Amino acid sequence: VSAAEATAESTGVTNLNVSGGEAGPAPVAIVVSYGFWIFLLSDIIMFSALFATYAVLSGQTDGGPSGRELFDTWNVGIETLCLLFSSYSCGLGSAFIERRNLSAFYTLCAITFLLGAIFLGLEFHEFAGMVARGAGPSRSAFLSAFFALVGLHGAHVSIGLIWLAFMVAQIVSKGPRDFVLRRLRCFSLFWHALDIIWVALMSLVYLMAVRV
Amino acid sequence: MSDSPNVKKHSSSILAYTAGLAFALLLTGGSFWVSQSHTLWGPGLPVGLAVLAIAQMGVHLVFFLHVGSGPDDTNTVLALAFGILIVTLVVSGSLWIMSNLNGNMMPPSAIMEMSR
């Protein structure tokens with residue numbers, strides 16, 4: 001009986017109050033990042049549906065070009081490095097703002113933004129090149145699934161860049177106050193999650209097509 | 001609030017990000033190398049790439065998103081486990097059902113025969 005009670009206690013249903021025991025509700029920072037984490041997970045589940053679609057349709061080229069003919073490994077490599085270093089500089093930026101080092105924060109945000117913009121430019125260039133050689137989303141089921149999946153990630157990156165610009169503007173106008181820092185932490189989570197999705201895209205979409 | 005714990009946390013988080021970057025670069029390099037060279041047996045390549053990708057996602061979760069084993073992370077980890085469950089169900093379930101349907105589909109010649 002005591003063992004069962006102990007398990008029931010340790011896996012309590014409303015366990016949000018983990019840091020304080022009986023000291024009242026959890027701090028707002030923890031609740032906010034937990035809520036945003038739930039949103040990110042639901043976003044990842046939406047991506048998983050498109051990943052499943054792509055995996056099912058990746059061989060259905062309808063006589064059109066396959067991924068092996070279309071994908072450029074160098075382009076993918078540079079895109080990967082852009083996103084990875086962008087994620088790193090975003091993380092460093094949030095570490096510096098916690099210490100109220102504003103100039104380092106602005107520099108790192110500029111690097112994050114620049115790398116994200118380079119990524120988007122490369123992706124747009126790739127898409128435009130594919131459409132120009134007649135391999136647009138309407139060519140085959142494979143290309144429809146490809147453009148939907150990679151395009152949705154690109155749309156997330158674009159929204160992330162706009163959000164980053166807003167966050168820098170808020171730090172400039174309101175200063176590093178608590179509620180601004182909470183929003184910044186959410187942005188940081190969002191940006192890192194996009195990098196996780198890109199890892200799946202890079203390996204399962206691009207690299208797998210190169211030699212199958 | 002005293003400054004010393006803050007500073008300590010600061011330098012340790014920079015260290016964590018740098019270690020995460022190093023691991024991620026290593027695993028990314030591994031993925032590209034495996035896909036370009038002929039080290040892996042051809043049909044085993046998707047499995048190798050998937051393993052490297054999952055390892056790199058783990059690195060990102062721990063070093064960049066700071067999903068850990070601390071007391072504040074219990075709910076985060078539980079939600080993550082549920083998310084992974086759903087993602088596995090969606091992806092593997094779709095692949096399974098669709099390959100089954102594909103295997104049972106009538107060959108085009110038989111469909112032509114029926115529509116006559």
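Small disclaimer: the values here were computed from a predicted structure and weren't measured. The analysis underlying the following values was restricted to heavy atoms, covering all of them including side chains, and did not include hydrogens, waters or symmetry mates. Per chain, numbering begins at 1; letters A, B, ... match sequence-line order.
Residues A24(B) and L84(A) approach most closely at CB-CD1, 3.7 Å, considering heavy atoms. In terms of heavy-atom proximity, I14(B) sits nearest to A95(A) at CG1-CB, 4.1 Å.
Note that OG1 of T28(B) and CE of M202(A) are 5.0 Å apart. Values are rounded to the nearest 0.5 Å. The distance from atom CZ of F82(B) to atom CD1 of I38(A), rounded to the nearest 0.5 Å, is 9.5 Å. The CZ atom of F32(B) sits 4.5 Å away from the CG atom of L207(A) when rounded to the nearest 0.5 Å. Note: H66(B) NE2 to S188(A) OG = 7.0 Å, rounded to the nearest 0.5 Å. Taking OG1 of T76(B) as the reference point, atom CH2 of W37(A) lies at 7.0 Å (rounded to 0.5 Å). Separation of atoms CG (L204(A)) and CG (L49(B)) is listed at 7.5 Å; rounding is to 0.5 Å.
Both the backbone and the side chain of I45(A) come within contact range of chain B, judged by heavy atoms closer than 4.5 Å. Of the two parts of S99(B), neither the backbone nor the side chain holds a non-hydrogen atom closer than 4.5 Å to a non-hydrogen atom of chain A. At a 4.5 Å heavy-atom cutoff, I197(A) makes no contact with chain B through either its backbone or its side chain. Both the backbone and the side chain of L25(B) come within less than 4.5 Å of a heavy atom of chain A. If you measure heavy-atom distances from S42(A) to chain B, you find no contacts under 4.5 Å at all. Neither the backbone nor the side chain of L52(B) comes within less than 4.5 Å of any heavy atom in chain A.
Between L41(A) and I84(B), the closest side-chain pair of non-hydrogen atoms is not below 4.5 Å. For the pair Y17(B)/S94(A), a side-chain contact is recorded, criterion being any heavy-atom separation below 4.5 Å from C-beta on. Between V90(B) and F51(A), the closest side-chain pair of non-hydrogen atoms is not below 4.5 Å.
For the residue pair T18(B)/Y88(A), the side-chain donor-acceptor check at 3.5 Å is satisfied.
Heavy-atom neighbours of F85(A) CZ from other residues, nucleotides or ligands within 6.0 Å: at or below the threshold of 12. Other residues, nucleotides and ligands contribute at most 12 non-hydrogen atoms within 6.0 Å of the CZ atom of F23(B).
When each of G48(B), G93(B), S31(B) is checked for heavy-atom pairs under 4.5 Å with chain A, S31(B) comes out on top. If you tally non-hydrogen atom pairs under 4.5 Å between each of I86(B), L80(B), V91(B) and chain A, the highest count goes to L80(B). Contacts with chain A were tallied for V67(B), L61(B), V87(B); V87(B) has the most, counting heavy-atom pairs under 4.5 Å.
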(request) Could you please spell out the steps behind the side-chain contact (heavy atoms from CB on, under 4.5 Å) verdict for L65(B) and I196(A)? (result) CA-CA 10 Å; L65(B) 286 152; I196(A) 290 185; 3.4 Å; yes
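Annotation: residues 53-60 of chain B contacts chain A through A53(B), Q56(B), M57(B), H60(B) [non-hydrogen atoms, separation under 4.5 Å].
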